[in-house]
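The structure displayed is predicted, hence computed values, not measured ones.
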There are 2 protein chains.
Amino acid sequence: MLDERKRLILNAVVQDYICSAEPVGSRTLVKRHRIGLSPATIRNEMADLEEMGFLEQPHTSAGRIPSHLGYRFYVNSLMGDFQFDPAELHALEQKLSDLESQPANFTRQLAKLLSSVTSYISLIAEPCDTAQEVRHIDIIPLTAGVASLIVVLSDGAVNHTTISVPSGLSSRQIKSLTAFINRRLQGIRLRDINPAMLNELRDEFSGNMKLIDDIMSFVQHMLLARDDQLIVDGAKNLLSQPEFKDINKFQDLLAALEQNDVILKLMQVNDSPDDLDIRIGAEIGLESFYDCSLVVATFTHRERKVFLGILGPARMHYAKTIGFLRRLRDYFD
Amino acid sequence: MLDERKRLILNAVVQDYICSAEPVGSRTLVKRHRIGLSPATIRNEMADLEEMGFLEQPHTSAGRIPSHLGYRFYVNSLMGDFQFDPAELHALEQKLSDLESQPANFTRQLAKLLSSVTSYISLIAEPCDTAQEVRHIDIIPLTAGVASLIVVLSDGAVNHTTISVPSGLSSRQIKSLTAFINRRLQGIRLRDINPAMLNELRDEFSGNMKLIDDIMSFVQHMLLARDDQLIVDGAKNLLSQPEFKDINKFQDLLAALEQNDVILKLMQVNDSPDDLDIRIGAEIGLESFYDCSLVVATFTHRERKVFLGILGPARMHYAKTIGFLRRLRDYFD
DNA sequence: AATTAGCACTCGACCCCTTAGAGTGCTAAC
DNA sequence: GTTAGCACTCTAAGGGGTCGAGTGCTAATT
């Protein structure tokens, strides 16, 4: 598709632009990459590459920048493996194992780590898997009239909330209710639970005992709520990227990131399930992200499916970001 | 301290500046507030107010802006109650009761609501109260070698994590272990739990059963981790405020907000426990927040102490923000 | 035929200067 | 005590001029 020389030049332009964020001119390129060619030749080649859609010119008298197609070609065909500094790599593994041994807030900490290492935005999605079964439901009385309602799913997800219980209930009655609910719901997949079923349960039990309507409505809410988790960290990193010196763009981005449901859907589209999903610009499918690229790794951690994404400018350091996510996946899988 | 006319003028300057974010000149003031005085007189008064430290001048030929002392005086002595639109108020109560009936992610949703209503940053801190007792500990087997560890405290806080269990353990053994741990720890205050005690427990039980070392170390981590929660939302709102058109300031702010421990401490300092804590500029005690004001309401929701804060520019709409937080507190308390 | 030197041209970035306008402080009159 | 009048100050905005990096084209070179 592209002859060797064009590949060389495209590669050089992409690399330079990724580092400098400035349009790359023919002279600069020759100087920095010791290509045995004169600027004039480079210019001709660049004009060709532009015609073919791999490069763009911000204005007539500026250098070239890669188009999204250019990045795409770079990622698919030019980019090599990133060589990590072994010391750095070791420090990273250290941090990861620290995270695993201190499990409180694991995901949030991981997001922080991701964003600080890449200096882009990190996204971690843990969608609620409705194929999971209810493993255990617990109602723990706290004080008069208040209790904790806890639902454990078979993948280890735990949903909980504080609920009001009628003050007339004894703890024995609560135990009996809990046992009843567990007997009837344990092993049932989340997606197979529906309001009708829960109502039936409620009616059946309230024959034995009034007062449980409130509790059942909480249980219902809890079980029917799809508790998809999305964690975002490091938005501030992008502020140092020159593409976001225009505040409005950044604000757009932040606004888009707050639409959790949209982002969650976005991340679960994975065209290459075995490897990373790399999407550049419009490929992401969200207008506010047209100047960005998104790399998503899908893997399973402790039985739960986790989507791990890095969102940066389209002028992202692909080799490093991708290499990093691959290593991370190897570590956890 | 200030005569009537000075109070009137200071009040007018603060109000105008809060709305316009532009230095207020004498002419503008006369026009907008129908004071029966000429600009020249106002100028004299303003010069006095500046000398007294209530007003400042960005440069010689600009209007005046309130100093932090000026805001302080405004908040303490001038500001009246904000009149909310009844319709708006009703919509708010509607949203709040929706939140309460759908308890999943309550705090996060509340933070979103706060920030969208005020268009400032909302902060919600739920510090771990170490005076709380352990109410219940549960270990729920998930798959071979994996289980969920759940700790419920007497205020309804639930900590959980997925842990590895030795694959040799039967579910009966796990039950027996759970019962043992509960027997020994139930009712003990978090602050009274220490590593020595847990080690003792471990030793005592492992006499009966080997293999539990891993589990105990998880329990230990879980119980000793102080799981203070801080939720921040609406940072993007401040980008539309002119004081943050300088990206660096905003970046500073974001960086400061990521230091959860610092912010948590900040919010728990409450000089006026019965009412809101209103801190202006340097009073907040964090350099990155010197151009900001912070209003914190402390209250108790379902037995848990919750700190609810609004962080905005020093040029914040105090009356509205404060009125809003007061109503919120009335609603929940 | 491919490459390159030379050259005229383009365009944004930067600096400097001017101007307009909002606002001030002071003085003298009311 | 208040105000009109006035000279003064300072910023924001706009208009050139210059600089420099970069281009495309043409003609010479290899």
(request) Please list, in 5' to 3' order, the outermost nucleotides of DNA chain D lying under 4.0 Å from any heavy atom of chain B. (result)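 It runs D:dT2 to D:dT11.
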
(message) Looking at B:Thr28, I'd like to know whether one of its side-chain N or O atoms comes within less than 4.0 Å of OP1 or OP2 on C:dG23.
(response)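 So the side chain of B:Thr28 is within the cut-off, an N or O lying under 4.0 Å from OP1 or OP2 of C:dG23.
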
(message) So, does A:Thr41 get its side chain near the phosphate of C:dT4, meaning an N or O under 4.0 Å from OP1 or OP2?
(response)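 Yes, within the criterion.
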
(message) Does the plane of the ring in B:Phe244 sit parallel, tilted or perpendicular to the ring in B:Phe250? Use 30° and 60° as the thresholds.
(response)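 Perpendicular: the ring planes of B:Phe244 and B:Phe250 meet at over 60°.
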
(request) Can you label the angle between the A:Tyr318 ring and the A:Tyr71 ring as parallel, tilted or perpendicular, going by 30° and 60°? (result)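 Rings of A:Tyr318 and A:Tyr71: tilted, 30 to 60°.
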
Value in whole Å for how far the [atom2] atom of [N] lies from [atom1] of [X]:
{"X": "A:Arg64", "N": "C:dC11", "atom1": "CZ", "atom2": "P", "answer": "14 Å"}
{"X": "A:Lys245", "N": "C:dG12", "atom1": "NZ", "atom2": "C1'", "answer": "12 Å"}
{"X": "A:Ile9", "N": "C:dT3", "atom1": "CD1", "atom2": "P", "answer": "10 Å"}
{"X": "B:Ile42", "N": "C:dA22", "atom1": "CD1", "atom2": "C1'", "answer": "17 Å"}
{"X": "B:Asp16", "N": "C:dA22", "atom1": "CG", "atom2": "P", "answer": "16 Å"}
{"X": "A:Asp48", "N": "C:dT3", "atom1": "CG", "atom2": "C1'", "answer": "14 Å"}

(request) Assign each of A:Ala40 and A:Pro23 to its nearest nucleotide of DNA chain D by heavy atoms, then name whichever residue's nucleotide is nearer the 5' end. (result)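 The residue closer to the strand's 5' end, by nearest nucleotide, is A:Pro23.
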
(request) Find which nucleotide of DNA chain D each of B:Pro39 and A:Arg27 is nearest to by heavy atoms, and output the residue with the more 5' nucleotide. (result)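 The answer here is B:Pro39.
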
(request) Please round to the nearest 0.5 Å and tell me the distance separating atom CG of A:Leu294 and atom SG of A:Cys292. (result)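 With rounding to 0.5 Å, CG (A:Leu294) is 9.0 Å from SG (A:Cys292).
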
(request) Using a strict cut-off of less than 4.0 Å between a Lys/Arg side-chain nitrogen and an Asp/Glu carboxylate oxygen, indicate whether A:Asp16 and A:Arg64 qualify as a salt bridge. (result)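 Salt bridge absent between A:Asp16 and A:Arg64.
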
(request) Run the salt-bridge test on B:Arg108 and B:Asp233 with the 4.0 Å N-O cut-off and return the result as yes or no. (result)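 Salt bridge between B:Arg108 and B:Asp233, a charged N being under 4.0 Å from a carboxylate O: no.
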
(message) By nearest atom, which of the nucleotides C:dT10, C:dA22, C:dT4 is closest to the A:Ser61 side chain?
(response)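 Closest nucleotide among those given: C:dT10.
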
(message) Pairing donors with acceptors under 3.5 angstrom, does anything connect the side chains of A:Asp252 and A:Ser288?
(response)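 No, because no side-chain N or O of A:Asp252 sits under 3.5 Å from a partner of the opposite role on A:Ser288.
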
(request) Would you indicate whether the side-chain heavy atoms of B:Arg279 and B:Val269 approach each other to under 4.5 Å? (result)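 Yes, their side chains come closer than 4.5 Å.
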
